[in-house]
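Each residue takes its place number in the sequence, starting with 1. Side chains are part of it too, since the values below use all heavy atoms of this structure and drop only hydrogens, waters and symmetry mates.
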Amino acid sequence: MNQSLQNQFFQIAIRNFPEAKSRMKTEGIELSMSMLPAFMDLFTKVMNEAYELGRKDAQRKMT
C-alpha cells in the first residue's frame with residue numbers, strides 16, 4: 001500500500017482514538033496509546049480493502 005495512504009489512515013486513527021478509547025472503556029476494555037500499534041496492522045488492512053473497494057466501484061461507474 002502507498003505509504004502516504006498508510007500515513008493518512010494512521011492520522012485518522014489518532015484523530016478518532018479518544019472516541020474509540022471512550023467506547024471501549026464503556027464496554028470494560030482499557031485501551032492505551034501504547035496498545036495502538038498492535039491494532040494499526042488490522043486497521044490498515046481494513047482501510048486498504050475499503051479504499052480498493054471504493055476505487056473499483058468508482059472505476060466501474062466511469063466505464
Side-chain angles (χ1 to χ4, degrees):
M1 179 192 340
N2 180 321
Q3 186 64 37
S4 176
L5 281 177
Q6 281 185 325
N7 290 339
Q8 290 176 12
F9 293 161
F10 186 73
Q11 289 173 353
I12 292 167
I14 295 300
R15 224 179 14 250
N16 289 280
F17 179 76
E19 181 181 352
K21 182 177 179 179
S22 175
R23 288 183 181 202
M24 291 181 91
K25 186 174 183 178
T26 298
E27 297 299 323
I29 303 168
E30 290 295 325
L31 182 64
S32 67
M33 284 296 284
S34 64
M35 295 169 67
L36 192 57
F39 293 97
M40 283 309 299
D41 184 49
L42 176 60
F43 174 73
T44 301
K45 286 178 187 177
V46 170
M47 291 302 297
N48 190 43
E49 284 188 41
Y51 172 81
E52 287 299 320
L53 183 63
R55 187 178 65 78
K56 287 176 184 175
D57 185 51
Q59 284 178 337
R60 269 194 309 272
K61 289 179 180 178
M62 295 180 85
T63 57

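Hydrophobic side-chain contacts under 4.5 Å tie Leu42 into a cluster, directly or through other members, with Val46.
Taken from CD in Gln8 to OH in Tyr51, the straight-line distance is 9.0 Å, to the nearest 0.5 Å. Distance CG/Asn7 to CD/Gln3: 5.0 Å, rounded to 0.5 Å. The NZ atom of Lys25 sits 5.5 Å away from atom CD of Glu30, with the distance rounded to the nearest 0.5 Å.
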Please assess Glu49 against Leu53 for the test side chain to side chain contact (heavy atoms under 4.5 Å, CB included), listing each intermediate value before the final yes or no. CA-CA 6 Å; Glu49 284 188 41; Leu53 183 63; over 6 Å; no

Return all side-chain donor-acceptor pairs below 3.5 angstrom for residues 11-22, not counting sequence neighbours, or 'none' if the list is empty.
residue : atom : partner : partner atom : Å
Asn16   : ND2  : Ile12   : O            : 2.8
Glu19   : OE2  : Arg23   : NE           : 3.1
Glu19   : OE2  : Arg23   : NH2          : 2.6

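With a 6.0 Å radius and a threshold of 12 heavy atoms from other residues, nucleotides or ligands, Phe43 has its CZ atom above the threshold.
In this structure, the side chains of Asp41 and Lys45 come closer than 4.5 Å at one or more pairs of heavy atoms.
When the salt bridge (charged side-chain N to carboxylate O under 4.0 Å, His left out) test is applied to Asp57, the partners found at least two apart in sequence or on another chain are Arg60, Lys61.
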